[in-house]
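Working notes for the structure below.
From a predicted model like this one, the values you see are computed outputs, not experimental measurements.
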Amino acid sequence: MPVPKIIHQPQTQQVLQQGFDQLTQAVAPTLGPLPRRAITQNLDKFELLDDGGLIARRIIAIADQQADAGTMLLRQALWTMRETIGDGTATLAVLYQQIYKEGRRFLAAGCDPNRLRAQLLRLLPALSQRLVIDARPLRSQAELSALAFAICHDEEMADSLGEIMYTLGRYGQVDVRAGHSRRLTRKYVEGSYWRGGAQSKDMLRGTTRPIAEMHDAAILISDAEIKEPAELVPVMQLALRSGFKQLLLIVSSISEKGLSVALDKRLRERIQTIVVKVDEFVPADLQQAHVDIALLTGGRPILQGAGETLDDARQSDFGSARWVWADAKNFGFAGGGGDPYVIRATARRLRNAYAQASDDDTNARLLGRLGKLNGGLATLYVGGIAKDEIRQRKDLAERAIRALRIGMAGGVIPGGGVALLGCSDWLLDEPTACDEMEARAARQILAKALEAPARQLLRNAGYDPSEILARLSGCDQATGFDVMRGRIVDMAAAGIFDVAQVQVEALRRAVMSAALALTIDVLVLHREPETMTEP
């Protein structure tokens with residue numbers, strides 16, 4: 001059983017460093033296009049992982065209670081990075097370890113930990129700006145595929161994601177699903193779709209994939225719960241009087257009795273009707289879906305919350321779409337009759353909200369709405385030999401998509417650690433008017449740390465980092481070493497990129513967290529520390 005104790009300096013720094021080193025040694029081998037992998041035991045199964053964030057999450061605790069404090073500090077930073085950005089965890093771990101290691105040397109030489117932390121944080125804004133000074137937008141599908149490969153290290157997946165993101169754009173709706181073969185396949189659908197399919201199989205046709213399709217259809221949106229046939233009759237009569245031949249009716253629910261009206265053979269000869277519902281469990285999301293569908297189709301939702309019923313529907317409340325489809329699980333349409341100016345204005349407002357939002361759930365909702373307003377979507381079907389492989393590849397594809405969106409927004413910088421190396425030279429060459437010992441120490445700490453990702457990447461690929469970096473000294477700052485081909489190249493011309501904002505975020509989190517760790521003087525260890533499965 002662990003022994004409760006209080007640990008003071010200098011032992012505090014030693015045990016924290018041990019924890020940082022142990023976790024970094026597990027995560028750092030995943031850095032670069034030729035990563036090493038880790039095997040973790042999850043319950044009664046073993047996982048082969050090259051995802052630094054997931055490796056960190058699998059480490060619930062280590063046997064050394066003292067070093068475990070450092071491990072958990074770094075684990076929190078890595079998992080948060082993975083969930084918010086999708087990439088850069090190995091870079092973060094290597095930077096974090098090196099900053100703390102170099103910081104300890106200067107603390108031993110007499111630097112004050114709080115003043116040193118302040119100087120490290122003071123350098124961070126200028127360093128971040130310097131890192132992205134040469135950032136440029138992605139210009140082609142080939143560049144998107146090259147960036148995707150740098151993230152997922154899977155050539156087939158990189159080609160698919162590059163094509164999808166080039167076709168749909170940054171805000172395109174991309175769904176990743178389990179496939180039924182060993183390969184990856186992709187499918188594009190014009191228009192927008194929502195979860196929630198036809199409410200009766202009798203409305204669907206086909207054998208391999210039952211589906212219903214309509215052209216030049218009217219669309220009526222409501223949150224009504226239809227229980228009796230009489231509730232549906234007024235809507236059907238209104239649709240017939242309006243001359244509609246095909247109707248998509250969106251409701252919250254409909255009973256078997258209500259369906260009997262829509263499925264009546266004599267009525268279907270005059271108007272084909274498909275009844276669907278939107279599968280959203282959160283009321284606010286359901287209401288927003290109704291608003292977006294109305295926006296795209298030019299209709300007006302009939303809402304019970306506003307005191308309306310289907311009896312209140314008017315011809316002007318119907319929207320329209322050039323093509324409508326529904327299957328057992330989804331429905332969608334293309335060529336809606338909504339006002340293009342209003343749609344563009346709404347999309348612009350959502351893009352601004354997306355750029356300012358920091359909450360993951362809010363970002364996901366905004367991105368989903370933007371994808372629907374863009375009028376196009378893609379589905380990537382991920383295959384594999386076993387269910388575990390498919391699950392891991394799905395997760396990898398979703399993380400790569402997140403990173404690609406960030407890359408399309410903020411641009412890319414030379415990869416392979418080259419941009420960070422350039423910042424290291426800038427820190428040492430930039431003159432400083434401050435003679436304070438902590439200010440000089442902060443520059444040297446960060447300059448040393450910024451070399452660490454490039455060194456680790458070269459080491460993972462089987463090269464001697466010192467030899468390669470010596471060959472690169474004196475070269476242009478956009479020049480680096482291509483570990484796949486084994487030669488010095490212009491990184492941009494070779495298609496070797498890093499996402500600018502991913503590198504900035506990894507640097508920011510590493511500096512802020514490691515600088516804070518340098519100010520920790522005391523560790524309090526409990527007899528039975530609380531165990532958490534979530535960071």
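Within 6.0 Å of atom CZ in Arg183, 12 or fewer heavy atoms from other residues, nucleotides or ligands are found, so the atom counts as exposed in its surroundings. More than 12 non-hydrogen atoms from other residues, nucleotides or ligands lie less than 6.0 angstrom from CD of Glu156. Residue Arg270 places its CZ atom among 12 or fewer non-hydrogen atoms of other residues, nucleotides or ligands, all under 6.0 Å distant.
Here Leu377 contributes atom CG and Tyr188 contributes atom OH; the two are 11.0 Å apart, rounded to the nearest 0.5 Å. Taking OH from Tyr166 and CG from Leu404, the interatomic distance works out to 14.5 Å, rounded to the nearest 0.5 Å. The structure places CG of Leu168 at 8.5 Å from CZ of Arg405, a figure rounded to the nearest 0.5 Å. Put simply, CD on Glu225 and OG on Ser252 are 5.5 Å apart, with the number rounded to the nearest 0.5 Å.
Contact record, Gly88 with Ala506: O-CB, 3.9 Å, taken as the closest heavy-atom pair. Ile219 approaches Ser320 most closely through the heavy-atom pair CD1-C, 4.2 Å. Looking at every heavy atom in both residues, Gln246 comes nearest to Ile271 through N-CG1, 4.0 Å. Met484 and Pro33 make their closest contact through SD-CB, 3.9 Å (heavy atoms, listed as atom of the first residue, atom of the second, distance).
Contact check on Arg136 versus Glu143 returns a salt bridge, with a Lys/Arg side-chain nitrogen under 4.0 Å from an Asp/Glu carboxylate oxygen. Salt-bridge check for Arg82 with Asp395: passed, with a basic side-chain N closer than 4.0 Å to an acidic carboxylate O. Between Lys257 and Glu231, none of the side-chain N atoms (NZ, or NE/NH1/NH2) sits under 4.0 Å from a carboxylate O, so this pair counts as no salt bridge. Ion pairing of Arg266 with Glu269 is absent here, as no side-chain N (NZ or NE/NH1/NH2) approaches a carboxylate O to less than 4.0 Å. Comment: Asp216 does not engage Arg322 in a salt bridge, judged by the lack of any side-chain N to carboxylate O separation of less than 4.0 angstrom. Salt-bridge formation is not detected for the pair Asp292/Lys372: no Lys NZ or Arg NE/NH1/NH2 atom is positioned less than 4.0 Å from an Asp or Glu carboxylate oxygen. The pair Glu505-Arg509 meets the salt-bridge criterion, with a side-chain N (NZ, NE, NH1 or NH2) lying under 4.0 Å from an Asp/Glu carboxylate O.
Using modelled atom types, one side-chain atom of Ser222 and one backbone atom of Ile302 make a donor-acceptor pair closer than 3.5 Å. Judged by distance alone, with hydrogens and angles left aside, the side-chain atoms of His215 form no donor-acceptor pair with the main-chain N or O of Val324 at under 3.5 Å.
A parallel orientation is assigned to the rings of Phe331 and Trp194, their planes being inclined by less than 30° (bins at 30° and 60°).
You'll find the side chain of Gln272 reaches within 4.5 Å of the side chain of Met214, heavy atoms only.
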